[in-house]
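Encoded as structure tokens, the structure appears first; notes follow it.
Both ligands and their constituent atoms are indexed starting at 1 by order of listing.
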Amino acid sequence: MSFSKDFFWGGATAANQFEGAWDTDGKGDSVCDHMTGGTVDRHRYFTNTIQRDTFYPSHEGIDFYHRYKEDIALFAEMGFRMFRMSINWTRIYPKGDEKVPNQKGLEFYRAVFRECKKYGIEPLVTISHYELPYHLMNKYDGWVSRECIDFYIRYCNTLFTEFKDYVKYWLTFNEINCLTMSIGDILSGGFRCEDGPAQVMGLPDTQEQLSKRYQALHHQFVASAKAVKLGHEINPEFKIGCMVAGGCIYPYSCNPEDVLLAQKEMRMNYFCGDVQVRGEYPYYTARMLEEYGISIRMEEGDKEILKSGKVDFYSLSYYMSTCSTVNKDVLKTSGNVVMGVKNPYLKSSDWGWQIDPQGLRYLLNELYGRYQIPIMIVENGLGAIDKLEADGTIHDDYRIEYLRDHIKQMDEAIKDGVDLIGYTPWGCIDLVSLSTGEMKKRYGFIYVDKNNDGDGTLDRFRKDSFYWYKKVIESNGEKLD
Ligand code: BG6
């Protein structure tokens, strides 16, 4: 195997999906705290007021807030070298536009980082993982407003200053490219909206909506670049990366029309990375915006800001691949962020996401060829239904198979020459699913006793994959069986 001796093996989480304690110790409500539970067949709802007798899964999550010591000890037992987590913006600035941070929030994260340090685990912190303060949505229409840049930078300044001795690795925005799609309207953009089903709330791709999305995205690009520059000034040792929802999109056939369409759709992978890694909008931007019939308002100095805040490394989530075709008469498939056409060569998860380990090798090569900077895979994994046996065991061989096949392809990619420096599989401990709000869709090495309705003891159990991953890390990727 080709993994370097300091390769970052670990796991990934997000505050809104596992912390709970949604209004404890001065925390404000974030956009995700307004999303109800759902299932694969029933959409999550977004409600502007928090309603009594309605279940909002983020409110308790899996209660990491009160159980972080136990959970980090379990990560350490597996041998984690890195733990990806996000900071909940509303724990630090409850409304987002205050001038003074909430001390209790800072204390909580300091305690978490100290606990990681105790075990030699390097934190990887996502500054914004779908956790925009609801107040910024309500009052400012989220990232459409340029003022959000200043609020975000104030928040970053607090984090960088307070935690500069604990955290070296940062990600500015989770899956920033979601904002090019309807799925990002609420989650990433924080656009004001009526109560309604959250997945389809992402409004249709009208010119007005596209215009909002790209304007908000421009503000995030500027905010991200300013954060990178600021971070390096506060601590030159910081490594600050971008995070892009990755996915392979293959042409469904060798019809040149399909090939061109797939190339165009692959730009959903490249557009944001191009800006954040190279510090400028890519060559195809003008035509793309012209086809949408929109333009982006830039202020004087924005181009220089983008240039001055290029990221140190590239990170991505990778779960699946899909296909593109001009032919309308084909089977569709669902997936993480991007939906597409079913690939007859691939199997799918219970939630219809197509499993494609080789697609990971392909994508890593494409990305490294394009950017030539270190890459981390900060999300990957299989959402599946697990059974807790009476003796407290969970036999999740399907998850082991999925992860093993992806790790093999990572090894191939490194042998191809890709500078891959870390792997933090998603939901290393079971947590709330983002798309459906379920607990039933589990990714973890650690099982959490809680069901879709929010009932359960919250007790933690080691799955078979826990012991397997421990061996993988111990052997630095040599022992995969
Ligand atoms: C990614 C998100 O898109 O996919 C995570 O960054 C999310 O927040 C993960 O949980 C898996 O998606 P889901 O819908 O299965 O939770």
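- No close placement of the Y119 and F80 rings is indicated, their centers lying 6.0 Å or farther apart.
- Residue W353 has no nitrogen or oxygen atom sitting less than 3.5 Å from a nitrogen or oxygen atom of ligand 1, judged on distance alone.
- Distances shorter than 4.0 angstrom occur between a heavy atom of Y319 and an atom of ligand 1.
- Residue pairs that meet the salt bridge (charged side-chain N to carboxylate O under 4.0 Å, His left out) test with at least one member in residues 424-436, sequence neighbours left out, are D430-R442, D430-K463.
- At a 4.0 Å heavy-atom cut-off, ligand 1 does not touch A14 at all.
- A donor and an acceptor atom, one from each side chain of N48 and Y134, are located under 3.5 Å apart.
- A distance below 6.0 Å separates the ring centres of H129 and W426.
- Counting only residues at least two apart or on different chains, the salt bridge (charged side-chain N to carboxylate O under 4.0 Å, His left out) pairs with a member in residues 66-75 are D63-R67, D71-R460.
- Using a 4.0 Å cut-off to heavy atoms of N174, the atoms of ligand 1 that qualify are 6 (O).
- Counting heavy atoms closer than 4.0 Å to ligand 1, residue W351 contributes nothing at all.
- Not a single N or O atom of S317, backbone or side chain, sits closer than 3.5 Å to an N or O atom of ligand 1.
- Which parts of ligand 1 touch H129 is read off a 4.0 Å heavy-atom cut-off, strictly below it: atoms 5 (C), 6 (O), 8 (O).
- With salt bridges taken as basic N to acidic carboxylate O contacts below 4.0 Å, one links K27 and D33.
- Inclusion of V432 in the set of residues having an N or O under 3.5 Å from an N or O of ligand 1 is not warranted.
- The aromatic ring centres of F151 and Y93 sit 6.0 Å or more apart.
- Near S433, meaning under 4.0 Å from one of its heavy atoms, ligand 1 places the atoms 13 (P), 14 (O), 15 (O), 16 (O).
- Atom numbering of ligand 1 starts at 1 in the shown order; those under 4.0 Å from a heavy atom of K441 are 13 (P), 14 (O), 15 (O).
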